[in-house]
Novice: 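Okay, here's the structure, questions in a sec.
The structure presented is a predicted model; accordingly, all values stated were derived computationally and were not measured. The chains referred to below are lettered A, B, ... by the order of the sequence lines, with proteins before strands, and numbering in each begins at 1.
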Amino acid sequence: MEQPAQTVKAGEINSKFKYEISKFRGAEKITLCFQCGTCTADCPVSRFSEFYRPKKIARMIQLGLKDRILSDKHIWLCTTCYTCVDHCPQDVEIANVIRALRNISVRHLKSLPLVYKELAENLMKTGFVYVIPETRIKKREELGLPPLPKTSPEEITKIFELTGLLSLLGTSQTFERVE
Amino acid sequence: MVGGKPKYLIFLGCVIPYRLSSYEISARKVLSALGVELVEMPEYNCCGFPIDPINHDTAIVLAARNICIAEMEGMNLLTLCNGCFGSLHKVNKMLKEDKEERERVNEYLKNFDMEFKGSIEVKHLVHVLAEDIGFEKIKNSIKKPLSTLRVAQHPGCHIIRPRKLVGKDDPENPRLLKDLINLTGAKCVDYRGENECCGNPIIGVNEKIPFQMAKEKLDHIISAKAEALITVCPFCHIMFDLNQPRIEKLFNVKIGIPVLHYTQLLGLAMGFLPQELAFDELRVKPTIYLKKFLDYNPTLEV
């Protein structure tokens with residue numbers, strides 16, 4: 001079942017959006033998509049999701065439906081398996097286009113899935129995206145494993161600050177699920 | 001490396017120290033037995049992969065920082081995780097080839113008295129085994145061929161795709177892991193969708209889709225009459241092993257496919273005991289097919 005068709009209003013169109021996307025590394029060729037549908041046909045997520053359609057995402061970018069696609073939570077369903085990247089006859093690296101959309105969406109809407117906020121906060125705290133329990137670290141010796149190398153949480157926080165992620169995390173809303 | 005032991009800095013990533021010591025234990029055992037010297041990183045951080053969706057620049061600098069640490073140690077990086085390989089290899093290649101990007105990233109790295117120079121390689125376990133150690137040496141290390149065992153491969157995504165970035169295997173018909181499996185004497189069977197994703201990267205926002213993806217894979221594996229699934233990535237392993245009981249519950253079916261790290265399979269064939277390879281940490285318990293190899297007692301032989 002597809003989503004019901006929606007009217008495209010002229011006022012909603014931002015014709016320069018495709019160029020905003022094509023500035024991102026790996027997303028340069030978005031303008032070349034000719035809607036063959038290979039990406040959707042070969043996408044394992046599209047097989048099980050009623051809504052996730054990379055072909056449609058590409059078209060929405062080309063049409064300039066900026067606000068609509070940036071706020072569409074289904075952009076968070078790409079697993080980055082890169083099958084679409086390998087199969088696209090136009091060399092549109094669709095998984096990278098979706099990464100660009102996600103990055104822009106976080107920046108513009110100040111909204112991201114909760115899981116990414118948690119991973120990022122763990123990373124700043126510990127150097128890893130998970131908080132590894134003390135018991136696990138101690139158990140390494142028992143298992144005959146060398147001690148876990150140290151990390152530099154201060155330097156990670158500095159990286160977050162320099163790349164603009166720190167301020168985004170502080171001001172962003174989160175959402176939990178994408179169905 | 002000429003004349004000496006092959007030597008790598010081992011990059012453990014986050015998932016393995018967090019919850020998959022079975023992979024680390026078995027990998028260290030077999031690599032050491034194959035004459036590989038693993039050196040610990042003096043320090044490291046997350047590879048950057050999980051942060052890429054929310055901020056590409058943060059992910060690149062996180063990866064580059066790890067690479068710089070390896071450059072300072074003067075050794076190539078060996079990863080056990082496909083996600084870590086994908087992230088570190090991509091950034092390493094990009095910064096080596098793109099001068100402008102390298103200069104831009106080096107501006108960030110200056111803050112940590114680091115500079116990306118482009119002097120090392122990033123390799124996944126599978127590449128180290130297939131390319132650096134070689135099939136011949138692995139074959140010669142097999143003491144107890146796992147003949148009669150039928151298994152299926154799950155190479156995962158980031159060691160095969162994107163093709164133009166990785167380029168070491170055929171993403172449409174991946175061979176490296178299959179060939180490595182066949183060296184153990186076990187038969188690696190063909191099945192539909194061998195090169196497909198496990199679904200794990202989106203489990204934090206949606207469980208149903210990845211569980212359906214994993215269930216479909218497991219169905220194909222059962223149809224091919226495989227008796228175990230072999231992985232080389234901690235994310236994929238968690239999806240098929242740790243989550244298998246949840247998948248069974250969701251679809252109200254019995255699957256019961258044991259999921260082994262390749263290093264456990266190879267270790268068994270090299271003659272290590274199951275307890276030395278942390279088999280007891282697996283969630284899905286060995287079935288009758290696998291059990292006959294696990295119960296093997298080397299002292300009874302000769």
Novice: Would you call A/R68 and A/D72 a salt bridge, taking side-chain N to carboxylate O under 4.0 Å as the test?
Specialist: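 Not counted as a salt bridge, because no side-chain N and carboxylate O are separated by less than 4.0 Å.
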Novice: Most heavy-atom pairs under 4.5 angstrom with chain A, which of B/C47, B/P210, B/C46, B/S21?
Specialist: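 Counting heavy-atom pairs under 4.5 Å, the top option is B/C46.
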Novice: On a heavy-atom basis, which atom in B/V30 and which in B/T263 lie closest, and how many Å separate them?
Specialist: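 Looking at all heavy atoms of both residues, the shortest contact is CG1-O, 3.4 Å.
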Novice: Using non-hydrogen atoms and a 4.5 Å limit, figure out which bit of A/L165 sits close to chain B: side chain, backbone, both or neither.
Specialist: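 A/L165 touches chain B through backbone and side-chain heavy atoms alike.
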Novice: Chain A heavy atoms under 4.5 Å from B/D98: which part of the residue, side chain, backbone, both or neither?
Specialist: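 Just its side chain gets close to chain A.
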Novice: Between B/F279 and B/F272, does the ring centroid distance fall short of 6.0 Å?
Specialist: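 B/F279 vs B/F272: aromatic centres not under 6.0 Å.
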Novice: For the candidates A/V115, A/T83, A/D86, A/V106, which exhibits the highest count of non-hydrogen atom pairs separated by less than 4.5 Å from chain B?
Specialist: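 Highest number of heavy-atom pairs under 4.5 Å: A/D86.
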Novice: Below 4.5 Å, heavy-atom pairs only: which of A/L169, A/L143, A/L119 has the largest tally toward chain B?
Specialist: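 Max contact count across the listed options: A/L143.
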Novice: Is it the side chain or the backbone of B/P42 that comes within 4.5 Å of chain A heavy atoms, both, or neither?
Specialist: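 Just its backbone gets close to chain A.
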Novice: Quick one: what part of A/L162 sits under 4.5 Å from any heavy atom of chain B, side chain, backbone, both or neither?
Specialist: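 Both parts, backbone and side chain.
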Novice: With a 4.5 angstrom heavy-atom cut-off, which part of B/E216 approaches chain A: side chain, backbone, both or neither?
Specialist: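 Contact with chain A involves the side chain of B/E216 alone.
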Novice: Could you tell me whether A/H74 and A/F51 have their ring centroids closer than 6.0 angstrom?
Specialist: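 Centroid separation for A/H74 and A/F51: below 6.0 Å.
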Novice: Side chain, backbone, both or neither: which part of B/F235 has an atom under 4.5 Å from a heavy atom of chain A?
Specialist: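 Side chain only.
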Novice: Check whether A/N96 gets within reach of chain B through its side chain, its backbone, both or neither, counting any heavy atom under 4.5 Å.
Specialist: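 Looking at A/N96, nothing touches chain B.
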Novice: Any sub-3.5 Å donor-acceptor pair from A/K117's side-chain atoms to A/L112's backbone N or O?
Specialist: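 Flag not set: sc A/K117 to bb A/L112 has no pair under 3.5 Å.
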Novice: Flag the pair B/E97 and B/K93 as a salt bridge only when some basic side-chain nitrogen lies within less than 4.0 angstrom of an acidic carboxylate oxygen.
Specialist: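 Here B/E97 pairs with B/K93 in a salt bridge, since their nearest N and O are under 4.0 Å apart.
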Novice: Taking side chain as everything from C-beta outward and backbone as N, CA, C, O, which of these in B/L12 sits under 4.5 Å from a heavy atom of chain A? Side chain, backbone, both or neither.
Specialist: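 Only the side chain of B/L12 comes within 4.5 Å of chain A.
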Novice: Relative to chain B, which segment of A/S172 carries a heavy atom at a distance below 4.5 Å: side chain, backbone, both, or neither?
Specialist: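 When you check distances to chain B, no heavy atom of A/S172 falls under 4.5 Å.
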Novice: In terms of heavy-atom proximity below 4.5 Å to chain B, should A/R47 be classed as side chain, backbone, both, or neither?
Specialist: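 The answer is the side chain of A/R47.
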Novice: Relative to chain A, which segment of B/I203 carries a heavy atom at a distance below 4.5 Å: side chain, backbone, both, or neither?
Specialist: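 The backbone, not the side chain.
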Novice: Please work out which of the three classes, parallel, tilted or perpendicular, describes the rings of B/Y18 and A/Y130, given edges at 30° and 60°.
Specialist: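 Because their plane-to-plane angle is under 30°, the rings of A/Y130 and B/Y18 count as parallel.
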Novice: At a heavy-atom distance under 4.5 Å, which candidate from B/L165, B/N55, B/D57 has the highest pair count against chain A?
Specialist: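 That would be B/N55.
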Novice: Which atoms of A/I159 come close to chain B, meaning under 4.5 Å heavy atom to heavy atom: side chain ones, backbone ones, both, or neither?
Specialist: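 Both the backbone and the side chain of A/I159 come within 4.5 Å of chain B.
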Novice: Tell me whether the centres of the aromatic rings in A/F24 and B/H56 are closer together than 6.0 Å.
Specialist: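 They do not qualify: ring centres at least 6.0 Å apart.
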Novice: Go through the atoms of A/E93 and report whether side chain, backbone, both or neither lie under 4.5 Å from a heavy atom of chain B.
Specialist: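 Side chain of A/E93 only, per the 4.5 Å heavy-atom cut-off to chain B.
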Novice: Where on B/I54 is there a heavy atom nearer than 4.5 Å to chain A: the side chain, the backbone, both, or neither?
Specialist: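 When you check distances to chain A, atoms from both the backbone and side chain of B/I54 fall under 4.5 Å.
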Novice: If I compare all heavy atoms of B/L109 with all of B/A64, which pair ends up nearest, and what's the gap?
Specialist: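 Minimum heavy-atom contact is CD1-CB, 4.0 Å.
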Novice: Any salt bridge between B/K99 and B/E103, counting N to O under 4.0 Å?
Specialist: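 A salt bridge is present here (some side-chain N lies under 4.0 Å from a carboxylate O).
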Novice: Need one label for A/R136: side chain, backbone, both or neither, based on atoms under 4.5 Å from any heavy atom in chain B.
Specialist: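 For A/R136, side-chain heavy atoms alone lie under 4.5 Å from chain B.
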Novice: Please classify the contact of B/E196 with chain A as side chain, backbone, both or neither, using a heavy-atom distance under 4.5 Å.
Specialist: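 Answer is side chain: those atoms of B/E196 sit under 4.5 Å from chain A.
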Novice: For A/I30 and A/S22, work out which heavy atoms get closest and say how close.
Specialist: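 Looking at all heavy atoms of both residues, the shortest contact is CG2-CB, 3.9 Å.
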Novice: Counting only heavy atoms closer than 4.5 Å, note whether B/N206 contacts chain A via side chain, backbone, both or neither.
Specialist: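 Interface part for B/N206: both.
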Novice: Check the pair B/R161, B/N195 against side-chain contact (heavy atoms from CB on, under 4.5 Å), reporting the backbone distance first and the verdict last.
Specialist: CA-CA 9 Å; B/R161 282 184 298 266; B/N195 58 352; 3.9 Å; yes
Novice: May I ask you to say whether B/E101 pairs ionically with A/R25, meaning some side-chain N is under 4.0 Å from a carboxylate O?
Specialist: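 Counted as a salt bridge, because a side-chain N and a carboxylate O are separated by less than 4.0 Å.
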Novice: Contact part of A/C84 toward chain B, heavy-atom cut-off under 4.5 Å: side chain, backbone, both or neither?
Specialist: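 Contact with chain B is absent: no heavy atom of A/C84 under 4.5 Å.
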Novice: Does a side-chain N-to-carboxylate-O contact under 4.0 Å join B/D170 and B/R163?
Specialist: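 Salt bridge between B/D170 and B/R163, a charged N being under 4.0 Å from a carboxylate O: yes.
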Novice: Among A/E179, A/K158, A/R140, who wins on heavy-atom pairs under 4.5 Å with chain B?
Specialist: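 Ranked by contacts with chain B, first place is A/R140.
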Novice: Under a 4.5 Å heavy-atom cut-off, does chain B meet the side chain of A/V85, its backbone, both or neither?
Specialist: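 When you check distances to chain B, only side chain atoms of A/V85 fall under 4.5 Å.
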Novice: Please confirm whether the ring centroid of B/H158 lies under 6.0 Å from the ring centroid of B/F85.
Specialist: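 No; B/F85 has its ring centre 6.0 Å or more from that of B/H158.
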Novice: Could you look at A/L123 and say if it's the side chain, the backbone, both or neither that has a heavy atom under 4.5 Å from chain B?
Specialist: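 Contact with chain B is through the side chain of A/L123 alone.
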Novice: Would the number of heavy atoms belonging to other residues, nucleotides or ligands and lying under 6.0 Å from CD of B/Q275 be above 12?
Specialist: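 Yes, the 6.0 Å shell around CD holds more than 12 heavy atoms from other groups.
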Novice: What part of A/P153 gets within 4.5 angstrom of chain B, counting heavy atoms only: side chain, backbone, both, or neither?
Specialist: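 Nothing of A/P153, per the 4.5 Å heavy-atom cut-off to chain B.
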Novice: Return yes when atom CZ of B/R192 has more than 12 non-hydrogen atoms of other residues, nucleotides or ligands closer than 6.0 Å, and no otherwise.
Specialist: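 Open.
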Novice: Just so I understand: if I count every heavy-atom pair under 4.5 Å between each of B/C14, B/C197, B/C157, B/P53 and chain A, which residue has the most?
Specialist: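 Option with the top pair count is B/P53.
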Novice: Could you check which of A/I98, A/L77, A/T151, A/I156 has the highest count of heavy-atom pairs closer than 4.5 Å to chain B?
Specialist: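 Ranked by contacts with chain B, first place is A/L77.
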Novice: Using non-hydrogen atoms only, which part of A/E155 is less than 4.5 Å away from chain B: side chain, backbone, both, or neither?
Specialist: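 For A/E155, heavy atoms of backbone and side chain both lie under 4.5 Å from chain B.
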Novice: Given a strict heavy-atom distance threshold of 4.5 Å, which part of A/N103 is in contact with chain B: side chain, backbone, both, or neither?
Specialist: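 Both backbone and side chain.
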Novice: Which of the residues A/V131, A/D42, A/V45 is involved in the greatest number of heavy-atom pairs with chain B at under 4.5 angstrom?
Specialist: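 Ranked by heavy-atom pairs under 4.5 Å with chain B, first place is A/V45.
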Novice: Under 6.0 Å from the ring centre and within 45 degrees of the ring axis: does the NZ or CZ of A/K66 meet both conditions for the six-membered ring of A/F17?
Specialist: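 No, a cation-pi geometry is absent between A/K66 and A/F17.
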